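Every number for a ligand or one of its atoms is a count from 1 in the order of the listing. These figures come from a predicted structure and were not determined experimentally.
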Amino acid sequence: MQVPFLDLQGEYQLLGDDIRTAVLEVLASGSYILGPKGRQLEQDLAAYVGTKHALGVANGTDALLLTLEALGIGLGDEVITTPFTFFATAEVIASTGATPVFVDIDPATYNLDPNLLEAAITARTKAVLLVHLFGQVADMEKIQSIAAACNVPVIEDACQAMGASYQGKKAGSFGIAGCFSFFPTKNLGGFGDGGLITTDDDDLAHKIIGLRNHGSYEKYVHVQLGLNSRLDELQAAVLSVKFKVLDAWNEKRRALAQRYTRHLQGIVQTPAVAPDREHIYHQYSIESPQRDTLAAHLQAKGIATGIYYPIPLHLQQVFSPLGHCAGDFPVSEAAARRILALPIHPLLTEVQQDYVIEAIRESAGDRS
Ligand SMILES: *Cc1c(COP(=O)(O)O)cnc(C)c1O
């Protein structure tokens, strides 16, 4: 048996008729960028996330970058984030000229550890850019109360968390802004790049509308430097179809995750869900001290796995000027050594899942 990590082609086959209809409408419309499909998607996603504004951009990285730029963050500023995330989270901070300041993660959830936050805030701190890693919302109550006491805005990197919630509120609706990615492998993924910024703040939304379009609000009138960073109509058309199944597919992932956990508990370390969370399992990551042996065993059995993330960001070569060394963020470093993501996607069958579970039990020497 082969168990792929994802099945994007299978997902296309399932939704193919609706996607082809939506795409053909765009092709015939003559409107390809910033048109009606994009505006409709923005409205639908603002309502879904629960914010006043949702603005389509070219990708999740730009969503983060434009948010930082709209907040005026740049040279001499500090932005707090974690070293255990996709590279782009810290990359955009450095791209603005600001300094990424890392705070270690909570070992149970892999999200920013609120107990370490206050000590990292300085007079230069201009934002906390937290991540809802793997689809689980960070500890917003504690983080927001610390940030608010220090007058520091919170930005959510919700690229892995479309539909995740905490105390009934959706990811992307807590901070000054939420940043999303429609990269094909994300829970709401297009057939190319795409991104979104959610916010309740009218001024911030206005700035982003200019920044994503060459600093222009009126054709050929430019009031600032911006970017060309817009969501195109073809992606919006695909996303509008996939949005209809988002909740059902997140529910499917959750059911599969619960099933993995039921069968793997006590054999490997299974993911923890903090109280009041609806985890959407963009990834289902286990931990094992024998991670590499386990991954090799699964690969030999035709089971694909992934490692998110093998190198914590403070140890990335490009950030060596920050002067960090091994041991600085021990929780992130241990997770990087031990973590392993198992196949989880809406088309994974229980038969395939049983095969994965059995293979993990074999590797752990437990045939019970
Ligand atoms: C995917 C991802 C991004 C970047 O999104 P792109 O659309 O690929 O630019 C940023 N942060 C996190 C946590 C992500 O998972």
Please list, chain by chain and in numerical order, all residues satisfying side-chain contact (heavy atoms from CB on, under 4.5 Å) with [X], sequence neighbours excluded.
{"X": "E350", "answer": "R259"}
{"X": "A88", "answer": "T61, F86, E91"}
{"X": "D247", "answer": "Y48"}

Between H345 and F5, ring centroids under 6.0 Å: no
Check: H279 ring centroid to F134 ring centroid under 6.0 Å: no
Under 3.5 Å, N/O to N/O: give me all the pairs between ligand 1 and the protein, one per line with atom names and distance.
| residue | atom | partner | partner atom | Å |
| --- | --- | --- | --- | --- |
| ligand 1 | 5 (O) | S181 | OG | 3.3 |
| ligand 1 | 7 (O) | G60 | N | 2.7 |
| ligand 1 | 7 (O) | S181 | OG | 2.6 |
| ligand 1 | 9 (O) | G60 | N | 3.3 |
| ligand 1 | 9 (O) | T61 | N | 2.8 |
| ligand 1 | 9 (O) | T61 | OG1 | 2.5 |
| ligand 1 | 11 (N) | D157 | OD1 | 3.4 |
| ligand 1 | 11 (N) | D157 | OD2 | 2.8 |
| ligand 1 | 15 (O) | Q160 | NE2 | 2.9 |
| ligand 1 | 15 (O) | K186 | NZ | 3.0 |

Cation-aromatic face contact R253/Y281, 6.0 Å, 45 degrees: no
